Amino acid sequence: MDCKKEVNLTRCNCSYEPCPRKGTCCDCISYHKSYGELPACYFNDADEKTYNRSIEFFIKSRSR
Ligand code: SF4
C-alpha cells in the first residue's frame, strides 16, 4: 500500500508549519499518542491554532 501523503495533506488542518509529520498521519498519530494527545484534525480550526492537543482540551472544546 502506498503512502497517501498528498491526499492526506488536502485534508490536514494543522497550522504548525515546521512539523515534518504533516500528511504522514501514522507518524502524526503515533507522535501525539506518545504524549497522551490527539492530532490537530480532532479540533476545529480555531482550537487547533492553540496547539493544545490534550485530550482534556478536546473534551472541553466538544462540550462548548
Ligand atoms: S498534529 Fe502534530 S504531529 Fe500532526 S502535523 Fe500537526 S504538529 Fe505535526
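These values consider heavy atoms only, across backbone and side chains, with no hydrogens, waters or symmetry-generated copies. Whatever order the structure lists them in is the order used to number ligands and atoms, beginning at 1. Numbering of residues begins at 1 and proceeds along the displayed sequence. Keep in mind it's a predicted model, so treat the numbers as computed, not measured.
- Minimum interatomic distance between E48 and N13 (heavy atoms only, all atoms of both residues): OE1-O, 3.3 Å.
- In summary, the atoms of ligand 1 found under 4.0 Å from a heavy atom of A40, numbered by their order in the structure, are 1 (S).
- Annotation for P39 and R53: closest pair C-CD, 4.3 Å, computed over non-hydrogen atoms.
- With hydrogens left out, the protein atom closest to atom 6 (Fe) of ligand 1 is C14 SG, 2.2 Å, a heavy atom.
- Atom 8 (Fe) of ligand 1 has C19 SG, 2.2 Å as its closest protein atom, hydrogens excluded (heavy atom only).
- Side-chain contact check for H32 versus L38: every heavy-atom pair is 4.5 Å or farther apart.
- Shown in contact with Y16 at under 4.0 Å from a heavy atom are these atoms of ligand 1, numbered in order with element: 7 (S).
- Counting heavy atoms from C-beta on, the side chains of N52 and K60 never come closer than 4.5 Å.
- Of the inter-residue distances, the one linking E37 atom CD with I29 atom CD1 reads 13.0 Å to the nearest 0.5 angstrom.
- With 2.8 Å as the limit, C28 counts as an N, O or S neighbour of atom 4 (Fe) of ligand 1.
- Nearest N/O/S atom of H32 relative to atom 2 (Fe) of ligand 1: this is NE2.
- With respect to atom 5 (S) of ligand 1, the closest heavy atom belonging to the protein is K22 CG, 3.4 Å.
- Ring-plane geometry between F57 and F43 is classed as parallel, the angle between the planes falling under 30 degrees on a 0 to 90 degree scale with a further cut at 60.
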